[in-house]
Undergrad: 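Below you will find the structure I want to go over with you.
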Amino acid sequence: MKKKTALILAGLLCALSIAACGPSDSSSGKKDAEGAGDSSKLVIAISEQQEEFYRKAISKYCKLHPEVEVEIETVPFIDNSPTEKMEKNKKAVKDMQVQVMAGKGPDVFLLDESNQALPDMIKSSYGGVFLDLNTVIEDLKDLPLNQTVMKAGEVDGKQYFLPLGYMLAGVAVAEGALGDWEPSSGQPAQFLEEIASHTGVSGFPTEFLLREYMPGLFGTPALDYEEETAAFSEELRNLAKLLDEGREFSSEGAPELPDVTMLGHCTGSVFESLVQRSFASGTDVKFLPFPNGEGGINAQVNVFAAVRANSPEASQAGDFLAFLLSDEAQGGTGWEGFGNGKMFGAVPVNNNAVVPALQYQFALGTGVDSEEAKGKAEELFQITQQVTTARFCYYENSLVFQALFMTSEESSVEEKLDDLENELRFYFDE
């Protein structure tokens, strides 16, 4: 199991490439700064999946603050291909991790679930790596931020991480298949079985997404950082066994709904595509979020920010993060100004931004009436307000997915989870 875990942790590495702030804004910003005298330099590390959006956001920020020079480091998504390039990338990220732990490196991190440079952000916070951002939050007290999601960034009362967006896992169902029926199950495994039974389908075409995000469905984490223990709940074990053994839930050829989907997925949403197709066909699609076992639904924070604790640009970094959450950047007028449709890959934590963002995504390039798209966006906004818990789940998701579904051992789910739980006894001592 130690070898397996080593492979898992090795798979959580990524690499860095360095680029300028923005082709035009960066150069003009430097000139203006030189003319003004003193200048500061803010180094921002950005996950590749969010790069196109954030480059535009940074360019907008630079226009408002021409005295600030910004340098961008791109943290690209990589896989485990045995190539020379990947080996160089892995070495580069190891170097960056050493730099960060030594109190150096980028000032600001804009990361998402696809980034693996700092895979367990919660654990990293206990090492004093990141700055407490409570003062940034205080300056944003008048904004309608989703406070439940914001709390996910708190560790021991300090806001080490600033959630920028989140995603919800659910099942998309054609309205005609539901009628007046609503699911009543409070646990994910029973919820999935109940929907399959009611709709009479034998397959969930994108059920693999559920496997990748399974631990994050639950309000209670598997890793307890205060007690320094790891435990996989009976409910999580039940869902894992259902997904591993219930082959009827894995028919990739099933043409009908329901379909396991993600609202606010950082690399693209199946649900978004289904909604766009539903406008053309006249068949509405409903999103039924997975219950978290605690009377609500759990949000998985998948886009977030942090600031290096000893950054000399801490004040400027805080001002920049406040801008990212502002109505100007995310609110009702913020989206279309960023251009070509490459959007922020999450449900925005600023509630003012949720409906405009979803409306823009649903209508873009489809010819759909904007008001029809707005109606669906408003419906989904109401679902986001059902969130009762929110967590950083990437590390748990990755561990369980790799251990259960990416190994060829002829072991039961129970045995694999027990092995993983036993191996994690030493995790907090590392």
Side-chain angles (χ1 to χ4, degrees), residues 50 52-61 63-65 108 110 112 133-154 159 161-168 170 262-266 269 271-272 275 287 289 296-305 318-364 368-390:
Q50 308 296 328
E52 188 170 344
F53 171 82
Y54 277 126
R55 280 188 176 275
K56 292 173 182 174
I58 290 170
S59 178
K60 193 171 183 178
Y61 180 78
K63 289 179 180 178
L64 295 173
H65 299 274
V108 178
L110 300 179
D112 64 19
L133 299 173
N134 270 320
T135 54
V136 176
I137 302 302
E138 180 64 23
D139 289 341
L140 299 172
K141 61 184 178 182
D142 294 331
L143 284 179
L145 304 181
N146 188 313
Q147 293 301 316
T148 299
V149 178
M150 293 297 289
K151 287 286 185 182
E154 277 191 15
Q159 190 84 31
F161 315 111
L162 196 63
L164 300 174
Y166 58 96
M167 68 178 184
L168 305 176
M262 302 291 171
L263 177 63
H265 194 287
C266 82
S269 172
F271 183 68
E272 179 183 318
V275 169
F287 181 80
I297 58 179
N298 187 60
Q300 300 190 49
V301 176
N302 66 327
V303 183
F304 52 95
D319 183 73
F320 171 67
L321 294 184
F323 167 77
L324 289 183
L325 284 176
S326 69
D327 281 345
E328 185 172 13
Q330 284 202 14
T333 61
W335 297 103
E336 296 188 20
F338 286 115
N340 66 0
K342 181 64 176 178
M343 299 301 297
F344 176 67
V347 177
V349 75
N350 183 339
N351 282 333
N352 281 346
V354 177
V355 171
L358 292 175
Q359 178 184 359
Y360 183 57
Q361 288 174 299
F362 292 153
L364 186 69
V368 172
D369 179 79
S370 183
E371 285 304 307
E372 187 176 5
K374 182 178 181 181
K376 175 56 69 175
E378 289 174 339
E379 174 189 317
L380 293 169
F381 173 73
Q382 296 305 315
I383 292 176
T384 68
Q385 302 309 292
Q386 297 173 26
V387 168
T388 58
T389 55

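Throughout, residue positions are numbered sequentially from 1 according to the sequence presented.
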Undergrad: At what distance, to the nearest 0.5 angstrom, does CD of E371 lie from CD of E378?
TA: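 With rounding to 0.5 Å, CD (E371) is 8.0 Å from CD (E378).
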Undergrad: Has Q386 got a side-chain atom pairing as donor or acceptor with P289's backbone, closer than 3.5 angstrom?
TA: no
Undergrad: Report yes or no: does D112 contribute a side-chain atom to a donor-acceptor pair with the main-chain N or O of F304 at less than 3.5 Å?
TA: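 Not a single qualifying donor-acceptor pair exists.
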Undergrad: In Å, rounded to the nearest 0.5 Å, how long is the span from NZ of K376 to CD of Q361?
TA: 14.5 Å
Undergrad: Could you grab the distance from atom CG of D319 to atom NE2 of H65, nearest 0.5 Å is fine?
TA: 4.5 Å
Undergrad: Hey, does L164 have a side-chain heavy atom less than 4.5 Å from the side chain of P348?
TA: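 Counting from C-beta outward, P348 and L164 never come under 4.5 Å.
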Undergrad: Considering only heavy atoms from C-beta outward, does the side chain of N351 approach that of Q385 to under 4.5 Å?
TA: yes
Undergrad: Can you see which heavy atom on L324 is nearest to which on A57, and at what distance?
TA: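 Scanning both residues completely, I find the closest heavy atoms to be CD2-CB, 4.1 Å.
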Undergrad: Could you tell me if the side chain of V301 sits less than 4.5 Å from the side chain of V149, heavy atoms only?
TA: yes
Undergrad: Going by an N to O cut-off under 4.0 Å, is there a salt bridge joining E52 and K56?
TA: yes
Undergrad: Quick check: closest heavy atoms across G296 and T388, and the distance to 0.1 Å?
TA: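 Between these two residues, the closest heavy atoms are CA-OG1, 3.4 Å.
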Undergrad: Can you tell me how far CG of L321 sits from CG of L110, rounded to the nearest 0.5 angstrom?
TA: 7.0 Å
Undergrad: Which pair of non-hydrogen atoms, one from S326 and one from L143, has the smallest distance, and what is that distance?
TA: CA-CD1, 3.9 Å
Undergrad: Looking only at heavy atoms, what is the nearest atom pair of A363 and A373, with distance?
TA: CB-CB, 3.9 Å
Undergrad: May I ask you to test the M167-V303 pair for a side-chain heavy-atom distance under 4.5 Å?
TA: no
Undergrad: Hey, can you tell me if Y61 and F323 have their rings parallel, tilted or perpendicular (30° and 60° cut-offs)?
TA: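 Tilted.
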Undergrad: Do N352 and D327 have side-chain N/O donor and acceptor atoms under 3.5 Å apart?
TA: yes
Undergrad: Tell me the closest heavy-atom pair linking T384 and L263, and the distance in Å.
TA: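 Closest approach of T384 to L263, heavy atoms only: CG2-CD2, 4.5 Å.
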Undergrad: Hey, are the side chains of F161 and L133 touching, using non-hydrogen atoms and a 4.5 Å cut-off?
TA: no
Undergrad: Side chains of D142 and L140: does their closest heavy-atom pair fall under 4.5 Å?
TA: no
Undergrad: Under a 3.5 Å distance rule, please check whether N350 uses its side chain to pair with a backbone N or O of L325 as donor and acceptor.
TA: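 Here the side-chain-to-backbone pair exists.
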Undergrad: Which heavy-atom pair separates V349 from P163 by the least distance, and what is that distance?
TA: CG1-O, 3.3 Å
Undergrad: With rounding to the nearest 0.5 Å, note down the distance linking CD1 in I137 to CE in M150.
TA: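 The CE atom of M150 is 3.0 Å from CD1 of I137, to the nearest 0.5 Å.
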Undergrad: Quick check: do L380 and F287 have side-chain heavy atoms less than 4.5 Å from each other?
TA: yes
Undergrad: With the side chain counted from C-beta on, respond yes when E272 and F362 share a heavy-atom pair under 4.5 Å apart, and no when they do not.
TA: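 Side chain of E272 against side chain of F362, heavy atoms only: contact under 4.5 Å found.
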Undergrad: Check whether K60 reaches the backbone of E328 with its side chain - one donor and one acceptor, N or O, closer than 3.5 Å.
TA: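 Confirmed, K60 side chain pairs with E328 backbone.
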